[in-house]
Number of protein chains: 2
Amino acid sequence: MQFEHTSKQYDVELESVRAKVLEMGGLVEQQIVNALEALTSADVNLAKDVMERDTRVNALEVQVDEDCSHIIARRQPAARDLRMIMMMVKTITDLERIGDEATKIARTAQRIYEQDRMYKPRFNEIKTMVGIVREMLRTSLDSFARLDVSQTLEVAKQDEQVDEQFRAAMRQLITFMLEDPRTISMSLEVLFVAKAVERIGDHAKNISEYVVYMVKGKDIRHTSLQDIARETQS
Amino acid sequence: MQFEHTSKQYDVELESVRAKVLEMGGLVEQQIVNALEALTSADVNLAKDVMERDTRVNALEVQVDEDCSHIIARRQPAARDLRMIMMMVKTITDLERIGDEATKIARTAQRIYEQDRMYKPRFNEIKTMVGIVREMLRTSLDSFARLDVSQTLEVAKQDEQVDEQFRAAMRQLITFMLEDPRTISMSLEVLFVAKAVERIGDHAKNISEYVVYMVKGKDIRHTSLQDIARETQS
């Protein structure tokens, strides 16, 4: 009975950390959505809100890190539980960096709209990119929550789409700048936003790959789409 | 005696992982140096070499991750040893990302020199930036090796220098592009190289902050220079 109680207590602890990781995931998803909204609606207050809320994201990272260390120190996690904990430690690093990218986008929004610039940028490509990376993040967090690797390949493919979109956006911005050099400064702002979104895609992909490590015990980082397919589609 | 033997064996295991982390650190430092050399000397073969060697960096990351998991699973690391292991798990993530940035720089070098472009870029600012981030990385790895936090503040200050250099490079590139729009495409290549170098600085700073966590048990990520000074200069 003693043992069973301890084991249940252990489950409760693990579950609580898992819930915090998912909370952090929901928070950074909202940060992405708000940063884009601030940018496309010229909402400087919302941009400031995103920047302030980043401290909450950071605090959650520190907290989950501590929780994971405590569980390792107090319990003696077996293979699978240990993989779960290591997966969470890595996942929150990527979530925190996604939060950083959202903050950068918000800071750009603030910079663009606080000064009254002559050339208003268009954000169609950025919106499309954000749509994809948001879906990637959701899918990855869902895979994490359900320990399900069936979507990993899809996320990896979406990451390639985002990279392609980024290159297309860059070509387009170069065309704008060549046509009217007065748009150069603003185009660079848009370009760095596109870069931030592209990074968010990379981090979401990382998260989905940690789930494969957790479930299959196999490290598929640094492998090709074919390898990912072989590991996750069987 | 049995216990002492086990404990010594444990030390050997920890030491071996530590050595691998330092090996990985040396490798990515060389990758940065070679990527810059490829860029400034138009050496496409060296650029290819950097890209190929990135697989070695990736392999080391996977290996250290596995080693750390094995040690946690087999031993029951106490507070300080556990912090050491968690520090290593985080450090290699940043080292691997530094390797990625070096690879991006090498890829840019290849792209620039394989096509025969009309406008040859200047890399003075990039060279200065690389000089600083290379020193940051060395200092951080040295802090890691000696578990010494006396240089953490210096690394954080250098990171601010790099950020300032990046902004200065960007202003200069905007001026070039305005003066001669035909330089736009090449200027963007230089800008993304500068961005990659700036990222390398961020990762080096992360590594030095993990050492503080290891030594002081205190998490100073997401804090100000003042906080870092208080924690590390006493």
Side-chain angles (χ1 to χ4, degrees), chain A residues 54-55 57-59 61-63 65-66 68-83 85-86 89-90 92-94 96-97 99-100 170-171 173-185 187-189 191-192 195 199 202 206 210 213 217-223, chain B residues 54-55 57-59 61-63 65-66 68-83 85-86 89-90 92-94 96-97 99-100 170-171 173-185 187-189 191-192 195 199 202 206 210 213 217-223:
Chain A
D54 191 47
T55 55
V57 176
N58 295 343
E61 185 197 14
V62 172
Q63 215 179 310
D65 254 341
E66 279 175 11
C68 288
S69 290
H70 283 155
I71 293 180
I72 295 176
R74 273 202 317 254
R75 318 285 174 179
Q76 299 155 28
R80 194 181 159 87
D81 287 343
L82 181 57
R83 283 211 305 276
I85 292 168
M86 298 315 261
V89 167
K90 288 181 179 288
I92 55 168
T93 306
D94 285 281
E96 192 270 331
R97 306 258 159 102
D100 285 347
M170 180 148 151
R171 284 191 297 270
L173 286 165
I174 291 176
T175 309
F176 287 156
M177 290 189 266
L178 283 169
E179 281 171 3
D180 184 354
R182 290 171 300 177
T183 65
I184 286 177
S185 191
S187 294
L188 289 185
E189 298 281 14
L191 191 59
F192 279 116
K195 188 76 190 157
R199 292 268 177 181
D202 290 342
N206 290 343
Y210 303 145
Y213 171 67
K218 220 160 180 178
D219 205 320
I220 58 157
R221 292 172 298 181
H222 322 306
T223 58
Chain B
D54 191 48
T55 55
V57 176
N58 295 343
E61 185 197 14
V62 171
Q63 215 180 309
D65 253 341
E66 278 175 10
C68 287
S69 289
H70 283 154
I71 293 181
I72 295 175
R74 273 204 315 253
R75 317 285 173 180
Q76 299 156 28
R80 195 181 157 87
D81 287 344
L82 181 57
R83 284 212 304 275
I85 293 168
M86 297 315 261
V89 167
K90 287 182 179 287
I92 55 168
T93 307
D94 284 281
E96 191 271 331
R97 307 257 158 104
D100 284 348
M170 179 148 151
R171 283 190 298 269
L173 287 166
I174 291 177
T175 309
F176 287 156
M177 290 190 267
L178 283 169
E179 281 170 4
D180 184 353
R182 290 170 301 176
T183 65
I184 285 176
S185 190
S187 294
L188 289 185
E189 299 279 14
L191 192 59
F192 279 115
K195 188 76 189 157
R199 292 269 176 179
D202 289 343
N206 290 342
Y210 304 144
Y213 170 68
K218 218 157 182 181
D219 204 321
I220 58 157
R221 291 173 299 182
H222 322 305
T223 58

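Residue numbers begin at 1 in each chain, while the letters A, B, ... track the order of the sequences. Worth knowing before you read on, the calculation uses all heavy atoms, side chains too, and leaves out hydrogens, waters and symmetry mates.
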Interatomic distance, CD1@I72(A) vs SG@C68(A), rounded to 0.5 Å, equals 6.5 Å
Nearest-0.5 Å distance, CZ of residue F176(A) to CG of residue L191(A) | 12.5 Å
Could you look at E96(A) and say if it's the side chain, the backbone, both or neither that has a heavy atom under 4.5 Å from chain B?
-> side chain
When the 4.5 angstrom heavy-atom criterion is applied to R199(A) and chain B, the contacting part is side chain
Whatever's closer than 4.5 Å to a heavy atom in chain B on D94(A) counts as side chain
Name the region of R74(A), side chain, backbone, both or neither, that has any atom closer than 4.5 Å to a heavy atom of chain B.
-> neither
Look at M170(B), K195(B), R97(B) and state which one has the largest set of heavy-atom pairs under 4.5 Å with chain A.
-> R97(B)
Measure the spacing between CG of L188(A) and CD1 of I174(B) and express it to the nearest 0.5 Å.
-> 5.0 Å
Under a 4.5 Å heavy-atom cut-off, does chain B meet the side chain of M177(A), its backbone, both or neither?
-> both
So E66(A) and V62(A), side chain to side chain contact (heavy atoms under 4.5 Å, CB included) or not? Walk me through it.
-> CA-CA 6 Å; E66(A) 279 175 11; V62(A) 172; 3.9 Å; yes
Under 4.5 Å from a heavy atom of chain B, the part of S69(A) involved = both
Tell me, with the steps shown, if R221(A) and D65(B) meet salt bridge (Lys or Arg N to Asp or Glu O under 4.0 Å).
-> CA-CA 12 Å; R221(A) 292 172 298 181; D65(B) 253 341; 2.8 Å; yes
Given a strict heavy-atom distance threshold of 4.5 Å, which part of D81(A) is in contact with chain B: side chain, backbone, both, or neither?
-> neither
Which pair of heavy atoms, one from P181(B) and one from L178(A), lies closest together, and at what distance?
-> O-CD2, 3.3 Å
Which bit of L82(A) is near chain B, if near means a heavy-atom gap under 4.5 Å: side chain, backbone, both or neither?
-> side chain
Contact origin within R83(A) toward chain B - heavy atom pairs under 4.5 Å | neither
Checking D54(A) against chain B: side chain, backbone, both or neither under 4.5 Å from a heavy atom?
-> neither
Taking every heavy atom of V89(B) against every heavy atom of T93(B), the minimum-distance pair comes out as O-OG1, 3.1 Å
K90(A)/N206(A) under side chain to side chain contact (heavy atoms under 4.5 Å, CB included): CA gap, chis, key distance, verdict | CA-CA 9 Å; K90(A) 288 181 179 288; N206(A) 290 343; over 6 Å; no
